[in-house]
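Accompanying notes for the structure given below.
Convention: sequence-line order gives letters A, B, ...; per-chain numbering from 1.
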2 protein chains.
Amino acid sequence: MTLIEDAQNKKANGLIKRASEAENLDEEFIRAGTAGGSIVIPKNVNRKLRKIVAVGKGLKTKVNANIGTSPDHIDIVGELAKLDAAVKAGADAVMDLSTGGDLKQIRKEILEASPVQVGTVPVYEAACKTIAKGKKISEIDGELLFDVIEEQSQQGVDFITVHCGINKDTVEILNRQKRLAGVVSRGGSFLVKCINATGKENPLFENYDRLLKIAKKYDVTLSLGDGFRPGCAFDASDGSQLAELSVLGELVLRARKAGVQSMIEGPGHVPLNQIEANVTIAKRLGHGAPLYFLGPLVTDIGAGYDHITSAIGSALAAAYGVDFICYVTPAEHLRLPDVGDVREGVIAARLAGHAADIVKGVKGASERDAEMSKWRKARNWEKQKEFCIDPVKFAREREKLPPQQEDVCTMCGEFCAMRDE
Amino acid sequence: MTLIEDAQNKKANGLIKRASEAENLDEEFIRAGTAGGSIVIPKNVNRKLRKIVAVGKGLKTKVNANIGTSPDHIDIVGELAKLDAAVKAGADAVMDLSTGGDLKQIRKEILEASPVQVGTVPVYEAACKTIAKGKKISEIDGELLFDVIEEQSQQGVDFITVHCGINKDTVEILNRQKRLAGVVSRGGSFLVKCINATGKENPLFENYDRLLKIAKKYDVTLSLGDGFRPGCAFDASDGSQLAELSVLGELVLRARKAGVQSMIEGPGHVPLNQIEANVTIAKRLGHGAPLYFLGPLVTDIGAGYDHITSAIGSALAAAYGVDFICYVTPAEHLRLPDVGDVREGVIAARLAGHAADIVKGVKGASERDAEMSKWRKARNWEKQKEFCIDPVKFAREREKLPPQQEDVCTMCGEFCAMRDE
């Protein structure tokens, strides 16, 4: 029995208990949400997972950090350092997006080292294997892809991004759109290339039942990927994006029926005034499945600062109901991130999530702000450090220019507004 | 005749012409907005101003950077370096908030060096002079305050923050509120201390006509300060904040009648779901005066990253109609910012403003994103550098980990989604 089946059958399940403890919420709330599909608790049956994290409606907004090698930069030790930095900065999940080096070995080491759930995008490995055989990406074979999915699931991956909404119909719609940036999802672009080059259907869509069977076997959560997510403001919320989303919504229902947990991924680059609509529609078409958004970035010109343009969009998206934020680092659009970028990215995403949690009414969110502000008013710097997002940076920045009087800071000195006369 | 009088009388004025050129908008649009008070163009008659910047409805969202010494850290050369960093990063205005050292000399040097408009908060200097005489802040004398305002105006300051909405009535309301963080506006806290200690009326409110007379003489724009801006999420949008805002709105009308330009300052710390209401009410009570917001910060726990919590709030606020964003740096709540902080703060605020300008339909905003994305799709890195927010950082970050093939980046390498097969 998978977790969702246990939840549907009201059978006691340790994961639900642990998730409810972590959220400080009733077990029945988590069970009902999991049974109905508005909450997922990704965990592979083969995985030893130290931290259980639920994602979904009524819960704290969670943050994922992408790590992994690229063909241009292969350094396992470096990726494990990023994993460590992400977890220490408070990431609730990581995705291993490696596309360079010994992918199986890298994944093994990340799965062993990570205390939090690990996700992957299997089509990356399928693409790497295809290229290694001297073939083109458009020649990715369906059997190979399913073999990769089976092997990764067997290895213990907790959730996988699968671009099942890319099919001949939605690609036809995409091809009619006048997009500026085309397809910017890496995995999505592989599958579009396959369909456009061969005319054959996407195996992840065509053989979705086979995918569900593997997912059920290992209790892998499906993260239904948004291959047509807009990669620039101009392309946001277009026909192909919505058509894909509609397909994903149907697949959510089939997953639930098959005893498989699923969530839906979202954009991307979206102007501020289209974010609410994107969330509302994704929750509607997705039948309430947890939403996992990459951003959205509210402008295209922020390269070097896209953790900020993403924090703006994801705070708003989460306030409207997004459950899971995929971080964006300052290195986005420029290079593979380093450890410092990972740290900045996680903190920025957590701030966005927390700002949304205040609005969502998540237990403890407003209370933490109130504690922070109480101690700020009292000019108690030790206590402030305890409640702020990043105690290490808090202390370091304050020490850079210490005040003459201990109770204030060098911004206002003796003129501190918090001080009584 | 002041600028607003010229605008009201449809008399040609060079400032309006220059502002319309800078915005690429009709001169008549700027004139009408200035006459009606929805647009201000701060410039002191005694000031040689190299760059003319208008602020208000229908225009690009502008960014101000606060610089200035504190009693704990007095370094004129350092402040001039911050001015330079702010202007190079694209600030449209700076405020000299100095409270340490020879304030008149510092201001003189900043006014001479700054190509953009300069604002001040005169009550700071009045407080410093009062303390220097061995008195308490609550003993700030009204005559002294007006002398300071006259001297600063004569020196060429383009706009001044004056907390005229703090009066006996609004302080009484404040005293009844159960605020967590009390008054966090530095200048506001001085005036509240004066009223609470002496029972005497705030001279800036009581003798507002005298203030208008000085402002008119030098054509100084009044930035009507929000002394009761919330300093934490818990205090947001409370009775005292709204009461002060209502008073400020009345003073806007009196300023317009007296031939003086005015804008209204806004919060502060505001949860995401109260931002729209704050902007709508401030535009309404302020009779359409330009809004100049400090943030708002969408959570209290972000110390060390408050340029991000502020960017989230100010992007949203500007999208709803805020015209002028006061930057917040990563040093906020911790210490006086350094040159690096100033740079980060200006860029974060500009990104927020730009994200809002896309939504506001400001000419050129969406177009710039489209250009950026066109060149991103084409993998033309030189052209991307041209259209991104910070070409220096763009180049530096990319060079940190250069790709093996020039047309992609090390994130995806040969698997770049932008590439055709």
Given that the side chain runs from C-beta out, which part of [X] has a heavy atom under 4.5 Å from chain B: side chain, backbone, both or neither?
| X | value |
| --- | --- |
| A:Met372 | side chain |
| A:Ser366 | neither |
| A:Cys416 | backbone |
| A:Ala315 | both |
| A:Thr299 | both |
| A:Lys193 | side chain |
| A:Leu180 | both |
| A:His333 | both |
| A:Ser314 | neither |
| A:Phe190 | side chain |
| A:Ile347 | side chain |
| A:Ile131 | side chain |
| A:Phe394 | both |

Between [options], who has the most heavy-atom pairs with chain B when the cutoff is under 4.5 Å?
| options | result |
| --- | --- |
| A:Thr99, A:Leu401, A:Val298, A:Val408 | A:Leu401 |
| A:Arg376, A:Glu414, A:Glu399, A:His269 | A:Arg376 |
| A:Gln274, A:Lys400, A:Lys374 | A:Lys400 |
| A:Glu371, A:Arg368, A:Gln384 | A:Arg368 |
| A:Asp369, A:Leu334, A:Ile312 | A:Asp369 |

Below 4.5 Å, heavy-atom pairs only: which of [options] has the largest tally toward chain A?
| options | result |
| --- | --- |
| B:Gly413, B:Ala181, B:Gly182, B:Gly68 | B:Ala181 |
| B:Leu336, B:Val359, B:Thr309 | B:Leu336 |
| B:Ser189, B:Cys409, B:Gly100 | B:Cys409 |
| B:Asn196, B:Val183, B:Ile389 | B:Ile389 |
| B:Ala303, B:Gly231, B:Ala417 | B:Ala417 |
| B:Arg398, B:Gln404, B:His73 | B:Gln404 |

Check each atom of [X] against the heavy atoms of chain A and say whether the ones under 4.5 Å are side chain, backbone, both or neither.
| X | answer |
| --- | --- |
| B:Ser185 | backbone |
| B:Phe387 | backbone |
| B:Ala331 | neither |

At what distance, to the nearest 0.5 angstrom, does [atom1] of [X] lie from [atom2] of [Y]?
| X | Y | atom1 | atom2 | result |
| --- | --- | --- | --- | --- |
| A:Asn273 | B:Leu316 | CG | CG | 11.0 Å |
| A:Ile308 | B:Glu344 | CD1 | CD | 6.0 Å |
| B:Arg419 | A:Arg186 | CZ | CZ | 13.0 Å |
| B:Cys412 | A:Tyr124 | SG | OH | 6.5 Å |
| A:Leu351 | B:Asp306 | CG | CG | 8.0 Å |
| A:Leu272 | B:Tyr320 | CG | OH | 8.5 Å |

Should B:Met411 and A:Pro337 count as side-chain neighbours, where that means a heavy-atom distance under 4.5 Å?
yes
Which heavy atom in A:Asp300 sits nearest to a heavy atom in B:Ser373, and how many Å separate them?
OD2-OG, 2.7 Å
On a heavy-atom basis, which atom in B:Pro271 and which in A:Ile358 lie closest, and how many Å separate them?
CB-CG2, 4.2 Å
Under the 3.5 angstrom rule, does the side chain of B:Ser70 hit a backbone N or O of A:Thr410 as a donor-acceptor pair?
yes
Taking the side chain from A:Glu421 and the backbone from B:Ser138, do they hold a donor-acceptor pair closer than 3.5 Å?
yes
